[in-house]
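Note sheet for the following structure.
Order of the sequence lines fixes the chain letters, A, B, ..., with proteins taken first and strands second; residue numbering starts at 1 for each chain.
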Amino acid sequence: MINEKYIPSEVEAKWQKNWAKEQAFSTEVNRQRPEYYVLEMFPYPSGNLHMGHVRNYSIGDVVARYKKMQGYNVLHPMGWDAFGMPAENAAIKHGVNPADWTWENIANMRRQQHQLGLSYDWDREIATCHVEYYKWTQWMFLLFYEKGLAYKKKATVNWCNECNTVLANEQVVDGCCWRCDSIVVKKELEQWFFKITQYADRLLEDLKDLKGWPDRVKTMQENWIGRSTGAEFSFDVPEISEKISVYTTRQDTVFGVSYVVLAPEHPLVEKLIAGKAEQAAVRAFVDRVRNMSEISRTSSETEKEGVFTGAYAVNPFNGEQVPIWVANYVLVEYGTGAVMGVPAHDQRDWEFAVKYSLPKRLVIQAPNGELATDTMTEAYDGPGKMVNSGEFSEMDNQAGKNAICTWLEQRGIGQRRVNYRLRDWLVSRQRYWGAPIPMIYCDKCGVVPVPKTDLPVTLPQNISFETGSVSPLAKVEEFVNCTCPKCGGAARRETDTMDTFICSSWYYFRYTDPRNTSQPFDSVKANYWMPVDQYIGGVEHAILHLLYARFFTKVLKDAGLINIGEPFKNLLTQGMVIKDGSKMSKSKGNVVSPEEIIAKYGADTARVFILFAAPPERDLEWSDQGVEGAYRFLGRLWRIVGHYADSLVNAPAKYDVNSLDKNGRELRRALHVTIGKVSDAVGERFSFNTAISSIMELVNALYAFKEADANAQPGLIREVVSGLLRLLAPFAPHITEELWHEVIAEGSVHEQAWPEVDLEAVKVDEVEIVLQINGKVRDKIIVPVGLNATELESKAFEQEKVKELLAGKTVVKVISVPQKLVNIVVK
RNA sequence: GCCCGGGUGGCGGAAUGGCAGACGCGGAAGACUCAAAAUCUUUUGUUGGCAACAACGUGGGGGUUCAAGUCCCUUCCCGGGCACCA
């Protein structure tokens, strides 16, 4: 018997318990059915779900449930990105144990996820801080090391004073720390790196195959990788018997070089100025630039400044001596740390030359032939004909680029070169709460990897947290001191932990085989499920996580562990949840707590609202009244099904469709039109908002039917309600389950097949045709379906209103579109 | 500066080149009620008109087309990404 009033808390708790008991969403490899892997980015266990999570999981849950009803074997797991700074900060601030803090947060957030009624296979839950997980993260590190992809080097690295640790380039946003926003400084440190640059080309190339990714994300990755092609060659510096190697993409302009510039950190600077009058000035300049912050140093707004070294280099193309400068706009990390200056054809060089009165020489003439350095006001970087370029003069500059390279290669003084903006991934962190890097330092044997059989390297408990610049693990004697696996002598452990982005770079593989104790995952299982068919998360990971995960996947493929090269086939980047015009945040005080909303309206309402209020990729404006609307809609559904409950329970499963009257046929048509619309919206377009609006229309149609026809055929009502509940089930899983159970059948609505359109039901025998005169709607007529253009036209001219409006006018043209409209053009 | 998104009623948002504003919110009216809430029904782009109806209307300006929110050109505004990468 259906309760008169819809009380979500009762319905939802009941079914959540039931699904948990039945393990309704557990999955195994099954080759009888097509597989489908839907994944939402796993959360950091901060303690509470926020609306962004609710949105993320609601979207994923709709996809998972829909695919399941379509007959797919669906994998839909959940876990925790559980290592990271907040746990450690809580430890420092409140003296709690990071592990305890993390596990408590996980427990709370898991409880909140249960309240949302998400269809996860909870047997596959993982947490990256669990020793059975990070053991395999360490295994991955060793794999990278074996493959020569993990190495240690001393380098200038990004350091965050607030977080007391180094950061990867990807984690520096506008010169600030991605996590705490404080200014990042440079430090010279010996650190572990992953050789992601070795995969730069493939990471770039394979973007083309990611048809299911938003262009925006692909473009961002493309920019980040920043591939360029050009030439590298040397300028001789006879006075010190050295060469300065430069990289350029504009080798076609080599005859226009009027100076060579080094980065302040370039290793040759000291040698060049040794004993020269310029020595003091150059050193002062270099010191000043080095002390500039990263932000002002790399901003294109910063004025180009430089200083002459007093030394000269020889242009190998024309033998000219050109001055060597040091300037702030040259970066030591990119290319060779030295560039050739061609003021006429590079805007930066132009500005620099103007400031220091360096000569400009035109070597590319524009197609209109009007360029001259005296009349130019800025550099010309367009295409053209090479001039003043010796044997290359008169060549098209594109062809010239090639010819110059060939010239260099033939003489052995240079070659074609590809360069990337992407740098290797700095993966060490001077923090406690992360996976320890499984490396050992032995005085005799040097750097020795921990044997895989000795894993895991366990994080010690009972550790004291004081702020300082050494890694917390370095202070734990029992952890640091160990024996060398090679010689058995006394040795020390690496005390840095891994960047947590390593943990999240392979978790989607672990889900495919989460309890494996002998390997990170079984290849057969991973190959069955992978790639992830639909990945869903925020666009803020467009570069970070999504680039690292792609890198990992390629390395694992090369290592023979899997047979796919890309982890995520389709990517949906959801928009933010906004309130009062800005992102929900504690500091803005505009946070709406999911738990409160669920307590007041239920999870179904929260889900329906959040999916209905905006398309998934766009930002979503939170509206309390909108939530009320979603709640009202579910109430309306509840009541209309309740109204028909008696006849539904006794309804026949089959009935004679031909016996329906006009109202009945229309209702049945509404059902099947809705099935078509919702299937298209959910399955093809991820347009959940319009899917829900179509379902709302069907409910409205049911109310209209009730008003019009008191004696409904039970068979028809059953067909409609059964279809309606199945259509809504992925969105509002609890209420549909309850109603299904009460009025349709014993089993779960979520085990049912997705409804199919009956084309017969959708057919109509009359259509409305719009009559336009000069493109303006003047009348509408109902005509039998299938009239051709000519028949329609004559019908149109028969209309009294049309005749009236045409009186005294000349018909110029008539456009007649069957099933749609007739447009009469008159003068 | 460059590259992506986006600009549609009072609001969130719909519209394979073919009736702009589906659906929801908000507003108005009616029914039920002693009354209110809840619910159900009707209505609701703007302007003019008692009305039938007409004109206007998708950031601005041009264009293509019988027909443009949708295609093309141009311009403005908002959001995001990249930005001395040679």
Side-chain angles (χ1 to χ4, degrees), chain A residues 5 173-174 214-224 226-228 230 232 246-251 253 261 263 297-304 327-331 333-342 345-349 351-352 419-423 539-540 542-543 575-576 578 608-609 612-615 617-630 632-633 635-636 639 677 680 687 689-697 699-700 703-704 706-707 768-780 812-817 819-826:
Chain A
K5 200 163 164 3
V173 180
D174 292 331
D215 290 337
R216 191 161 58 118
V217 175
K218 287 189 278 190
T219 309
M220 282 163 72
Q221 292 211 355
E222 213 176 297
N223 290 341
W224 188 262
R227 182 189 146 104
S228 74
E232 187 178 316
V246 298
Y247 170 72
T248 179
T249 56
R250 291 303 306 275
Q251 60 274 22
T253 64
V261 212
R297 175 90 190 262
T298 57
S299 162
S300 54
E301 307 294 309
T302 308
E303 200 184 339
K304 284 143 197 56
N328 63 348
Y329 72 95
V330 180
L331 306 172
E333 320 93 77
Y334 187 78
T336 60
V339 298
M340 60 185 209
V342 185
H345 302 291
D346 182 288
Q347 188 57 27
R348 289 160 305 187
D349 299 343
E351 287 168 30
F352 195 75
N419 243 315
Y420 299 93
R421 214 191 69 113
L422 182 73
R423 301 290 140 79
V539 75
E540 66 274 14
I543 294 169
M576 291 186 297
I578 303 285
V608 166
F609 164 71
F612 177 67
E617 305 218 60
R618 272 214 246 168
D619 286 349
L620 181 154
E621 174 77 32
W622 184 266
S623 154
D624 291 332
Q625 285 166 332
V627 178
E628 290 275 354
R632 261 203 298 267
F633 162 63
R636 252 167 96 72
R639 288 186 295 275
K677 281 190 188 169
D680 178 59
S687 177
N689 54 332
T690 59
I692 292 172
S693 80
S694 303
I695 298 171
M696 286 172 168
E697 284 180 279
V699 171
N700 292 346
Y703 272 87
K706 183 188 107 183
E707 285 292 304
E768 190 184 63
I769 300 294
V770 168
L771 303 183
Q772 296 182 332
I773 292 171
N774 287 345
K776 289 197 170 154
V777 182
R778 292 305 175 198
D779 204 1
K780 293 168 185 178
V812 181
K813 193 173 184 180
V814 182
I815 288 92
S816 189
V817 184
Q819 317 302 325
K820 286 230 169 83
L821 58 72
V822 178
N823 187 10
I824 302 166
V825 186
V826 297

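Proximity note for K780(A) (side chain, C-beta onward) versus C19(B), A86(B), U16(B): the nearest is C19(B). Among the nucleotides C40(B), G12(B), A86(B), the one closest to any side-chain atom of A613(A) is G12(B). Nearest nucleotide to the Y334(A) side chain, out of A86(B), A14(B), C19(B): A86(B). The nucleotide whose nearest atom lies closest to any side-chain atom of R639(A) is, among C82(B), A86(B), U39(B), U39(B). Listed nucleotides C84(B), C82(B), G18(B) differ in distance to L821(A); the shortest reach to its side chain belongs to G18(B). Of the candidates C66(B), A86(B), A14(B), A14(B) carries the atom nearest the N689(A) side chain, counting heavy atoms from C-beta on.
Remark: Y247(A) engages S228(A) in a side chain to side chain donor-acceptor pair (under 3.5 Å) (not counting sequence neighbours).
Shown here, G1(B) forms a base pair with C82(B); the pair counts as Watson-Crick or G-U wobble because both key distances fall under 3.5 Å. The partner of U16(B) is absent, by the rule that a Watson-Crick or G-U pair needs both atom distances under 3.5 Å. Taking a pair to require two hydrogen-bonding distances under 3.5 Å in either a Watson-Crick or a G-U wobble arrangement, C40(B) pairs with G30(B). When Watson-Crick and G-U wobble pairs are counted only if both distances are under 3.5 Å, G48(B) pairs with C53(B).
OP1 or OP2 of C66(B) sits under 4.0 Å from a side-chain N or O of K813(A). Remark: K776(A) is not in phosphate contact with C53(B), judged by side-chain N or O atoms under 4.0 Å from OP1 or OP2. An OP1 or OP2 oxygen of C40(B) is reached within less than 4.0 angstrom by a side-chain nitrogen or oxygen of Y703(A). In terms of phosphate contacts, R778(A) brings no side-chain nitrogen or oxygen within less than 4.0 Å of OP1 or OP2 of C53(B).
Rounded to an integer number of Å, the gap from CD1 of I578(A) to C1' of G80(B) is 12 Å. Here the P atom of nucleotide A86(B) and the CG atom of N328(A) are 17 Å apart, to the nearest Å. The distance between atom CH2 of W224(A) and atom C1' of G81(B), rounded to the nearest whole Å, is 11 Å. Rounded to whole Å, the distance from OH on Y329(A) to P on A86(B) is 13 Å. Whole-Å rounding puts the E222(A) CD to C3(B) P distance at 13 Å. Separating the CD atom of Q819(A) from the P atom of U16(B) is a distance of 19 Å, rounded to the nearest angstrom. Atom CD1 in I773(A) sits about 10 Å away from atom P in A54(B), given to the nearest Å. With rounding to whole Å, F633(A) atom CZ is found 12 Å from C40(B) atom P.
Residue-level contact check: P214(A) touches neither bases nor backbone, having no heavy atom under 4.0 Å from any strand. Within the nucleic acid shown, E768(A) comes within 4.0 Å of at least one base atom, counting heavy atoms only. V261(A) comes within 4.0 angstrom of no nucleic acid atom, judged by non-hydrogen atoms across all strands. Using a 4.0 Å heavy-atom criterion, one finds that N774(A) contacts no nucleic acid atom at all.
Using a 4.5 Å heavy-atom threshold, the side chains of R250(A) and T253(A) count as touching. Residues R618(A) and L620(A) are not in side-chain contact: their nearest non-hydrogen atoms beyond the backbone lie 4.5 Å or more apart. For the pair E628(A) and F609(A), the minimum side-chain heavy-atom distance is 4.5 Å or more.
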Report, one pair per line, the protein and nucleotides 5-10 of chain B atoms (nitrogen or oxygen only) whose separation is under 3.5 Å.
none

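D349(A) places a side-chain N or O within donor-acceptor distance of the main-chain N or O of V342(A), the cut-off being under 3.5 Å. Checking side-chain atoms of Y329(A) against main-chain N and O of A263(A) turns up no donor-acceptor pair under 3.5 Å.
No hydrogens or angles were tested; on distance alone, nothing pairs the side chain of K706(A) with the base of U39(B) as donor and acceptor under 3.5 Å.
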### Message
Using a 4.0 Å heavy-atom cut-off to protein, can you give one letter per nucleotide of nucleotides 23-32 of chain B, 5' to 3': B if the base is in contact, S if only the sugar-phosphate is, - if neither?
### Response
BSSS------
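A cation-pi geometry, defined here as NZ or CZ lying under 6.0 Å from the six-membered ring centre and within 45° of its normal, does not hold between R421(A) and Y334(A).
An anti base is found at G49(B): its glycosidic angle is more than 90° from 0.
Between D680(A) and K677(A) no salt bridge is recorded (no basic side-chain N to carboxylate O distance below 4.0 Å).
Checking each of K813(A), R778(A), Q772(A), K776(A) against N823(A) for a side-chain contact (heavy atoms from CB on, under 4.5 Å) leaves exactly one that passes, namely Q772(A).
Of the residues near RNA chain B, G226(A) and V539(A), the one whose nearest nucleotide (by heavy atom distance) lies more toward the 5' end is V539(A). Residue whose closest nucleotide on RNA chain B sits further toward the 5' end, between R421(A) and L331(A): R421(A).
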